[in-house]
Amino acid sequence: MTFAATILTLYPEMFPGPLGVSLAGRALAEGKWACDPVQIRDFATDRHRSVDDTPAGGGAGMVMRADVLSRAVDHALARQPAAPVLAMSPRGKPLAQQRVRELADGPGVTILCGRFEGIDERLFEARPIELVSIGDYILSGGEMAALTLLDACIRLLPGVMGAPDSGDDESFETGLLEYPHYTRPAEWEGRMIPEVLRSGDHARISAWRKSMAETDTRLRRPDLWERHEGARVQPPSGARRQKKER
Ligand code: SAH
């Protein structure tokens, strides 16, 4: 099945952009995903094809209009009713691998890319739209965020990644960062590849990798580590929920 991406944007020429090369580009050529950028301006009704206006209450910049955007969203929903509609926004829920997996398992996505100061809030009340952030920093537009999200989804589509299990150990898949990697030459600038990795002892290698993943996560990402440890010591969420309901 083809994973269909509809992107609502003022800059359709930015797509597929970097997703037209390498892994994602090959997958696109093979029909494993489809890229359909839609020009938001086509849904404007005035002579100037305006999509934005000054912010209510004053302040800098411009705000994208709910009436124009809703027409673009409705157009996408009519074409692809089963695909979730996401709006890229620093005010959204931070994107994480679990959501990426769910999206990649689905029929595709419609992504609304903001520009200017953002989007009239009433749009999010009136349409089923999920706000998604790609991190705590501000981009100039939602397009780069959309490309990032799509890249994360596309590599998970069946037949896109080389080895079927090459994603399993990856950072975040286990709730931990991945262990560090090394390759030849065995010695570089006086630094050796850790002895264990050259030992050929698969049990030792696997134990070393697990311990490195844990140590690195604890030191670099205490937030992830806490969640990981928390999940281990607490009963499964089903049991907890039952308790609460009683
Ligand atoms: N004034 C807004 C930022 C607007 S940036 C604020 O302070 O919240 C313009 C557009 O870029 C946004 O509408 C959104 O689509 C996109 N964007 C910026 N940063 C983003 C982020 N971290 N994640 C996802 N989208 C982002």
Side-chain angles (χ1 to χ4, degrees), residues 3-20 24 33 35-44 48-77 80 83-104 106 108-156 171-172 220-221 223-224 227:
F3 178 88
T6 303
I7 306 109
L8 309 176
T9 170
L10 291 174
Y11 299 97
E13 64 274 24
M14 285 178 76
F15 297 87
L19 298 180
W33 71 287
C35 181
D36 185 14
V38 173
Q39 172 56 268
I40 291 170
R41 223 171 268 288
D42 292 346
F43 298 88
H48 303 290
R49 301 220 297 160
S50 51
V51 296
D52 57 329
D53 210 329
T54 53
M62 299 295 273
V63 176
M64 294 180 89
R65 287 165 50 156
D67 57 342
V68 178
L69 290 186
S70 66
R71 283 192 289 273
V73 168
D74 291 345
H75 165 84
L77 275 172
Q80 227 191 326
V85 183
L86 317 181
M88 306 316 297
S89 166
R91 303 176 72 234
K93 183 173 177 188
L95 184 63
Q97 189 66 13
Q98 192 191 329
R99 185 69 185 123
V100 168
R101 255 198 194 283
E102 291 164 4
L103 291 171
V109 279
T110 291
I111 308 180
L112 175 56
C113 302
R115 280 271 157 179
F116 319 119
E117 284 310 311
I119 295 167
D120 188 317
E121 189 67 18
R122 291 171 296 177
L123 180 73
F124 307 127
E125 297 161 13
R127 293 294 183 277
I129 297 176
E130 174 185 337
L131 296 180
V132 178
S133 165
I134 63 157
D136 292 343
Y137 43 85
I138 304 294
L139 303 169
S140 54
E143 287 78 9
M144 296 285 212
L147 288 167
T148 300
L149 181 145
L150 286 173
D151 181 70
C153 291
I154 291 160
R155 59 189 289 284
L156 296 181
S171 295
F172 312 120
R220 296 173 186 201
R221 289 293 304 274
D223 57 321
L224 276 186
R227 229 177 302 153

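Ligands are counted one by one from 1 in listed order, and the atoms in each one are counted from 1 as well.
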Item checked: ligand 1 to Cys113 polar contact by distance, N or O atoms, under 3.5 Å -> no

Q) Is there a side-chain contact between Gln97 and Ser171 (heavy atoms, below 4.5 Å)? A) no

Check: Polar-atom distance check: Arg91 versus ligand 1, any N or O pair below 3.5 Å?
Finding: no

closest protein heavy atom to atom 26 (C) of ligand 1 is Pro90 CD, 3.6 Å

Quiz: residues 124-143 side-chain donor-acceptor pairs under 3.5 angstrom, not counting sequence neighbours:
unit_1, atom_1, unit_2, atom_2, d
Arg127, NE, Asp74, OD1, 2.7
Arg127, NH2, Asp74, OD2, 2.9
Glu130, OE1, Arg99, NH2, 2.8
Glu130, OE2, Arg99, NE, 2.8
Ser133, OG, Gly135, N, 3.0
Ser133, OG, Gly135, O, 3.2
Tyr137, OH, Ile134, O, 2.9
Glu143, OE1, Arg115, NE, 3.0
Glu143, OE1, Arg115, NH2, 3.0
Glu143, OE2, Thr9, OG1, 2.6

Nearest non-hydrogen contact to atom 25 (N) of ligand 1 from the set Gly92, Ser89, Ser133 belongs to Ser89

Minimal heavy-atom distance between Gly108 and Ala83, with the atoms involved, is O-CB, 3.6 Å

For Gly118, the atoms of ligand 1 under 4.0 Å from one of its heavy atoms are 13 (O)

Practice item. Evaluate the side-chain proximity of Asp120 to Leu69: yes if any heavy-atom separation is below 4.5 Å, no if none is. Key: no

| said: In the structure I gave you, are the side-chain heavy atoms of Leu150 and Ile7 within less than 4.5 Å of one another anywhere? | reply: yes

- Message: So Leu10 and Gln39, do their side chains get closer than 4.5 Å, heavy atoms only?
- Response: yes

Margin query: If I apply the N/O under 3.5 Å rule, does Ile119 come out as touching ligand 1?
Written below: no

Ranking Leu149, Leu139, Thr9 by closest non-hydrogen atom to atom 19 (N) of ligand 1, top hit is Leu139

Worksheet item: Is there at least one pair of N or O atoms, one from Val132 and one from ligand 1, spaced under 3.5 Å apart?
Response: no

**Q.** Short N or O distance, Phe116 and ligand 1, threshold 3.5 Å exclusive
**A.** no

Near Ala145 (heavy-atom distance under 4.0 Å), the atoms of ligand 1 are 24 (C), 25 (N)

